Protein chains: 2
Amino acid sequence: MVSTSGPPTVETIATRAGVSTASVSRVLNGHGARPETVRRVERAAAELGYVPNAVARSLQGGRSRQLTVAVRDLRDPGHVAMVRAVQAVARAHGYRLVLHSTDTAADTAHAVADELDVLRGLADGTSDGLVLCPVHVTPEHVEALRTAAQPVVVLGAFPDGVEPPADGVRDDPAAGAELAVRHLVRTGRRRVAFLDGPAGTAPGRDRHRGYRAALAARGLTPDPALVAHADTTVEAGTRALHRLLDGPAGGGGRTGEGHGGGVDAVLCADDRLALGATHALHARGLRVPADVAVAGMGDSPLAEAGWPPLTSVDLGAAERARIAAEMLLARVAERDAGTARTPARTATVAPRLAVRASSAPPARPPGVAT
Amino acid sequence: MVSTSGPPTVETIATRAGVSTASVSRVLNGHGARPETVRRVERAAAELGYVPNAVARSLQGGRSRQLTVAVRDLRDPGHVAMVRAVQAVARAHGYRLVLHSTDTAADTAHAVADELDVLRGLADGTSDGLVLCPVHVTPEHVEALRTAAQPVVVLGAFPDGVEPPADGVRDDPAAGAELAVRHLVRTGRRRVAFLDGPAGTAPGRDRHRGYRAALAARGLTPDPALVAHADTTVEAGTRALHRLLDGPAGGGGRTGEGHGGGVDAVLCADDRLALGATHALHARGLRVPADVAVAGMGDSPLAEAGWPPLTSVDLGAAERARIAAEMLLARVAERDAGTARTPARTATVAPRLAVRASSAPPARPPGVAT
DNA sequence: TTGAAAGCGCTACCAT
DNA sequence: ATGGTAGCGCTTTCAA
């Protein structure tokens, strides 16, 4: 039965153009036909406002032309940057983007379970590949990645010592922290506090390492009293910095004018924390950057929005995501071409420091730039 | 031919369980079968790690279980809030979310063309419905909406005088602006400037109307010199406010201490503008809120991040998107049920004022709360 | 160059 | 309760 109604299909067009469905398909896919045939088919398609059914195409071709991106939380500006970047690449290559965000999953355990579900779901045919930004790569992740039905590129690092189960693009938080602390010390700061994210994470350890390395390189001794942890929110950052300044490291924390014991700079693991830190400083009557310099990490739009505008380490979120998306498409192409599976690739994006007003040298003559 | 290799299908399972594919399908969809059959099918499926092919399901059922959300620009925190809200609803109902963002389209004309493409694309079967947040609803939009192949809910208002071609959920910028100005005046401000977004937009006209209405209600005369326009970025906000304060309305703009001519409050059409405005004020040595109060619109995470934290009108972006997604799913259900097409529904979400430090009453005794 | 027909994986109908 | 089978819309052999 033909064209009872409903949206037009190849069959509708075929009837109207007086050709076979095969010819319609060929013309529509530019596979060549007699000019006359082309004309008639195109005419019929245009008149009917034909739109090919992408689902049928997917079923037939085994490719969905959809890419999936899974991130934890769109409240994180870094994740937004990643999604934007992946979207741009997908779009440029004619792929739709399926967004999976797990931020409804309250706790980490749920988020991990959710990520594993996404990985298994890759077998359902709706996606040709996945860019995954996991909370933390667990052994279960590694296993699931090995057996994934479609190519996956991970935004993050794999646990040490395991054969990478998938392509990955990581940042370098250690180098990032080091970059920032170097800058702070070079501009004359000596008591650099470190406001980190929640304790016990792998990136946290890296950042801490970079922080200590940069201090050590300048002959400064890390002071445990200068390190604090907080959830990555403005509020938590404010509270944590108050606590830190109220502690032994604060050096009174009131005027900050040249006395030896006071904190004169704060590196924060995230722009939201850094904004929170500036709030605490403002509230205590400390001037930023005159009394205390502040630097964040992420270089999100928040950094420019802060007062004063925030010096921040760009860890390359957008760039990483762009690279990941391109790696993924390369894998998809590989699969389409039937090429033999090549080993996992890994890339690292180097950090870059965006210096803004929050870390200008103090009013007093700056320290010698060693 | 059966199970040469490749991922397991209903056929693979059927063979393994010694039943027909029809039985496999029934069991897998919970359509009832003899306990023994259920057991054997489920066992085979589990052993094979079977994942149903969602594409084949879509083709067969005519429903993709995907929803599309199209927004202009993920750099806009309001759009991020919308996407999050739609995602949450979609997810809760077992739908995947396809994200279409047009922010690669540089100019408005391209963005509009892109939106029309999305609307046409609804016929390709990959989406059961669309939540569309258009830059501006053009007559072409109206036409495309009327003939859309799938239900669409628009986040925004339709042009006056036309029969709404689709469901819509709008905000109320006029009421929002009015709310904010009321609050500013009530807390003693008299010279309230208005830093609007780009000139010539429909929401801009609404906001302006609300601004004037609130002033009029208090017997204050709107002063054209107090109104300026800027692109919605922090930078542009800063420049625009400087310009405004340098103009006749600035009243010298230096001390702001009680003289009659000076601006003592600024309402901004967007939180980014508002942040930019605070930067300009800080730079001029004016205190916020002591000398000049500032209020933004959108109540994005930026508002809490600002210094001082920003009073902002929540226009209900997340709430609107949530309602839109639910309306959309209701339409989808309607279609599935074969119910007769009901007329377009329209909802409006009322604004809500989030008062923060940027608009605290001035240090001097506040004006009488009329 | 073109048409007939198989088949992608699934569900639903109709018999049994 | 179960099995055979048609068919969703498309692309792609295979013949002609």
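Lettering of chains follows the sequences in order, A, B, ..., and the numbering in each one begins at 1. Nothing here was measured: the structure is a model prediction, and the numbers come from that model.
Of the residues L97(A), V89(A), V69(A), the one that meets the side-chain contact (heavy atoms from CB on, under 4.5 Å) test with V131(A) is V69(A). Of the candidates L48(B), V51(B), N53(B), P8(B) forms a side-chain contact (heavy atoms from CB on, under 4.5 Å) with just one, namely L48(B).
Phosphate contact (OP1/OP2 of dT11(C), side-chain N/O of R57(B), threshold under 4.0 Å): present. Neither OP1 nor OP2 of dG9(C) sits under 4.0 Å from any side-chain N or O of Y50(B). Of the side-chain N and O atoms in S23(B), one or more sit less than 4.0 angstrom from OP1 or OP2 of dG3(D). Close to dT2(D), at under 4.0 Å from its OP1 or OP2, lies a side-chain N or O of T37(B). Taking 4.0 angstrom as the limit, N29(B) places a side-chain polar atom (N or O) nearer than this to OP1 or OP2 of dT11(C).
The interatomic distance linking L28(B) (CG) with dC10(C) (P) rounds to 9 Å, in whole Å. In this structure, R63(A) atom CZ and dC10(D) atom P are separated by 16 Å, rounded to whole Å. Rounded to whole Å, the distance from CG on L59(B) to P on dA12(C) is 13 Å. Straight-line distance from the CG atom of L48(A) to the P atom of dG9(D): 14 Å, rounded to whole Å. Taking atom CG of residue N53(A) and atom P of nucleotide dC8(C), one finds them 18 Å apart after rounding to whole Å. Computed from coordinates, the H31(B) NE2 to dG3(D) P distance equals 16 Å when rounded to whole Å.
Residue contacts shown for V24(B) are absent, as no nucleic acid heavy atom lies under 4.0 Å away. Counting non-hydrogen atoms under 4.0 angstrom, S58(B) reaches nothing in the nucleic acid. Nucleic acid contact for A22(B): base, since at least one base atom lies under 4.0 Å from a heavy atom of the residue.
Listed candidates were dG3(D), dG9(D), dT11(D). Nearest to the side chain of V19(B) is dG3(D). Among the nucleotides dT13(D), dT1(C), dC13(C), the one closest to any side-chain atom of R26(B) is dC13(C). Closest to the T9(A) side chain, of the nucleotides dT11(C), dT11(D), dC10(D), is dC10(D). Looking at the side chain of T21(A), the nearest of the listed nucleotides dT2(D), dG3(C), dT11(D) is dT11(D).
Using a cutoff of 4.0 Å between basic side-chain nitrogens and carboxylate oxygens, R96(B) and D124(A) are scored as salt-bridged.
For a distance-only test at 3.5 Å, the side chain of Q60(B) qualifies as a donor-acceptor partner of the base of dG7(D).
Counting only N and O atoms by type, the side chains of R91(B) and H100(A) include a donor and acceptor under 3.5 Å apart.
Taking CD from Q150(B) and CD from Q66(B), the interatomic distance works out to 11.5 Å, rounded to the nearest 0.5 Å.
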